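Let me begin by presenting the structure, written as structure tokens, before commenting on it.
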Amino acid sequence: MLALVGANWYGIKVGSIICSELTRLAVCASLFSLLLSIGLYARSRRVPNSALTAEAASSMKASAASGRCTFIYEFFMGRELHPRLFGGRIDLKFFLEMRPGLIGWVLLDMAFMFQVKANGGIIGLPFATLTFMHLIYVADALFFERSILTTTDIKREGLGYMLVFGNLAWVPFFYSLSARQLITNQPTMPAYCVVGVLFINLFGYFIFRASNYMKDEFRRDPHQPRFANCRTVPTGVRGRHLLAAGSWALCRHPNFVGDLVMAFAWSLAAGFHAPLAWLYPAYLLVLLVHRARRDEIHCSAKYGLAWTRYCELVPNRFLPRFYQRA
Ligand code: NDP
């Protein structure tokens, strides 16, 4: 990021270069994702079963018995859980989740701001607010990067095309789309509206951060004194408990709700004249509804009656009366 600022300072029009090459960069990122996924798939055929995801290990047995080919599904979902490089020093999935996509997203935002300046325009308050909110989201992920270790992507998903393409191509190019829309189409907004947008974002961020932090801490050590008075459901699975306190008592996916509120705030900052800026919250809603469904199928299979008990205690999935338990 400093290099980008420095280059711009010395007269290299990085914003214009990146903007004019944006399609080529996106195509390259997509092709590279495809090649890397092919390499990872080939590698996963040579690793022991213990290095595979539970799903890949069990589907190997099932497809061997039935003779069914699961290649496309496994290529997409990934087979190896934690492919490591450089003698095990780099966890490739962790690296891809945290570094290129998230940082690339902020770099593109910066390039779009430089482009506005190069066009002789000024960066309006809504544009600055939008990119600031993106920056906070990415900085938060990097600052609290330890929390990612207890997320579904790290714990259960294989490193396949879905995560590789998602992190290398989809996150930087699609998540920055709202900022890109504003290069030529900045909304005008009174300052009190911008303050309102920031407030909505802060509200979403608070729910997102507090719930992710609480769940992460609880899963690391549920016996910490801070959880002494929290309502929990014992599962009988390796001494695990399910948390039914704080935001986790209000709904079963409070962290998803916070994420959605922030996505909504970002589109509000982009305004209603840039319809493409509203694609992100719509996409995220579909992604998180699907993810919640997949996660609940997993939890129900893993925790059985304890999960049923937890769902009775916490009947809301997201919000009361919205996408509730069937
Ligand atoms: P969670 O962090 O909610 O993790 C789900 C897992 O947590 C479950 O599988 C279960 O794991 C455990 N769990 C569920 N409920 C409880 C409970 N009550 N008490 C204790 N443990 C519980 O989901 P994700 O990993 O999917 O998401 C993490 C964050 O990433 C979210 O904030 C989400 O919004 C965000 N995200 C953002 C995306 C984006 O593109 N912007 C995309 C995807 C996610 P176990 O079986 O191990 O017990």
Side-chain angles (χ1 to χ4, degrees), residues 53-55 81 93 96-98 101-102 105 133-134 137-138 140-141 144-157 162-163 165-167 169-177 204-222 227 230-264 266 279-304 306-318:
T53 61
E55 192 181 25
L81 191 57
K93 184 166 58 169
L96 292 179
E97 287 266 324
M98 297 309 293
L102 289 176
W105 171 15
M133 293 187 294
H134 285 172
Y137 189 83
V138 171
D140 169 88
F144 291 100
E145 71 173 6
R146 198 181 79 153
S147 302
I148 201 184
L149 296 176
T150 52
T151 61
T152 304
D153 283 1
I154 294 291
K155 291 198 73 181
R156 287 204 302 277
E157 305 283 25
M162 179 178 79
L163 286 188
F165 175 80
N167 285 305
W170 189 250
V171 167
F173 293 97
F174 181 68
Y175 287 27
S176 63
L177 190 63
Y205 176 73
F206 176 73
I207 302 172
F208 172 83
R209 176 45 44 220
S211 51
N212 275 323
Y213 186 76
M214 189 177 187
K215 191 205 69 175
D216 183 49
E217 285 293 315
F218 179 75
R219 285 170 51 119
R220 277 169 201 285
D221 181 8
F227 298 119
C230 286
R231 190 164 56 166
T232 63
V233 179
T235 67
V237 179
R238 282 183 283 158
R240 285 263 178 85
H241 287 66
L242 291 164
L243 188 60
S247 55
W248 295 91
L250 300 176
C251 69
R252 300 205 288 269
H253 305 280
N255 46 355
F256 291 6
V257 175
D259 219 343
L260 285 167
V261 172
M262 284 189 283
F264 178 65
W266 302 347
L279 280 182
Y280 175 69
Y283 151 81
L284 192 68
L285 180 66
V286 173
L287 181 137
L288 293 180
V289 164
H290 177 251
R291 188 170 262 252
R293 189 169 163 268
R294 271 183 74 201
D295 193 53
E296 297 205 0
I297 292 170
H298 156 83
C299 289
S300 169
K302 183 172 175 181
Y303 299 124
W307 182 255
T308 312
R309 166 97 186 100
Y310 171 69
C311 291
E312 281 162 11
L313 284 177
V314 186
N316 301 316
R317 265 194 184 121
F318 285 5

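Both ligands and their constituent atoms are indexed starting at 1 by order of listing. Keep in mind that what you see is a predicted model, and the values were worked out from it rather than measured.
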Backbone or side chain, does any N or O of [X] fall under 3.5 Å from an N or O of ligand 1?
| X | value |
| --- | --- |
| L243 | yes |
| W307 | no |
| H253 | no |
| D295 | yes |
| H241 | no |

From the options N255, D153, V233, V314, select the one whose nearest heavy atom is closest to atom 3 (O) of ligand 1.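 Going through N255, D153, V233, V314 one by one, N255 has the nearest heavy atom to atom 3 (O) of ligand 1.
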Nearest neighbour of atom 21 (N) of ligand 1 from the list R219, R240, E157, on a heavy-atom basis: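 Among R219, R240, E157, the closest heavy atom to atom 21 (N) of ligand 1 belongs to R219.
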Passing candidate, side-chain contact (heavy atoms from CB on, under 4.5 Å) with W248, options V314, L313, N255: N255
So which of W105, Y175, Y205 actually passes side-chain contact (heavy atoms from CB on, under 4.5 Å) with Y137?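 By the side-chain contact (heavy atoms from CB on, under 4.5 Å) criterion, Y137 pairs with just one of W105, Y175, Y205: W105.
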For [atom], what's the nearest protein heavy-atom neighbour? Residue, atom name and distance, please.
| atom | result |
| --- | --- |
| atom 16 (C) of ligand 1 | L242 CD2, 3.9 Å |
| atom 30 (O) of ligand 1 | D259 OD2, 4.7 Å |
| atom 48 (O) of ligand 1 | Y303 OH, 2.4 Å |
| atom 44 (C) of ligand 1 | R291 NH1, 3.8 Å |
| atom 25 (O) of ligand 1 | T152 N, 2.7 Å |
| atom 2 (O) of ligand 1 | K215 NZ, 2.3 Å |
| atom 46 (O) of ligand 1 | H298 NE2, 2.7 Å |
| atom 40 (O) of ligand 1 | Y175 OH, 2.4 Å |

Does F218 form a side chain to side chain contact (heavy atoms under 4.5 Å, CB included) with H241? I'd like the steps, not just the answer. CA-CA 9 Å; F218 179 75; H241 287 66; 3.6 Å; yes
Are side-chain heavy atoms of [X] and [Y] found at a separation under 4.5 Å?
| X | Y | answer |
| --- | --- | --- |
| R219 | K155 | yes |
| L81 | K93 | yes |
| T235 | L242 | yes |
| P222 | F227 | no |
| I148 | D153 | no |

Which of the atoms in ligand 1, numbered in the order shown and given with their element, are less than 4.0 Å from a heavy-atom of [X]?
| X | result |
| --- | --- |
| R156 | 9 (O), 11 (O), 46 (O) |
| Y280 | 41 (N) |
| T151 | 25 (O), 28 (C) |
| L287 | 42 (C), 43 (C) |
| L284 | 39 (C), 40 (O), 41 (N) |
| F208 | 32 (O) |
| K155 | 47 (O) |

Select one of side chain, backbone, both or neither to describe which atoms of [X] lie under 4.0 Å from any atom of ligand 1, heavy atoms only.
| X | answer |
| --- | --- |
| K302 | side chain |
| R252 | neither |
| V171 | neither |

Ring centers of Y310, Y303 separated by less than 6.0 Å: no
Let me confirm one number: the NZ-NE2 distance from K215 to H253, rounded to the nearest 0.5 Å. 10.5 Å
What are the two closest non-hydrogen atoms of [X] and [Y], and how far apart are they?
| X | Y | answer |
| --- | --- | --- |
| R317 | C251 | O-CB, 3.5 Å |
| A141 | L102 | CB-CD1, 3.8 Å |
| Y280 | A263 | CE2-CB, 3.4 Å |
| M214 | A245 | CE-O, 3.8 Å |
| T150 | D216 | OG1-OD1, 2.7 Å |

Would you check whether Y137 reaches within less than 4.0 Å of ligand 1, judged by its heavy atoms? yes
Is the shortest distance from a heavy atom of W170 to ligand 1 less than 4.0 Å? no
Apply side chain to side chain contact (heavy atoms under 4.5 Å, CB included) to the pair V261 and F208, showing each step before the final yes or no. CA-CA 9 Å; V261 172; F208 172 83; over 6 Å; no
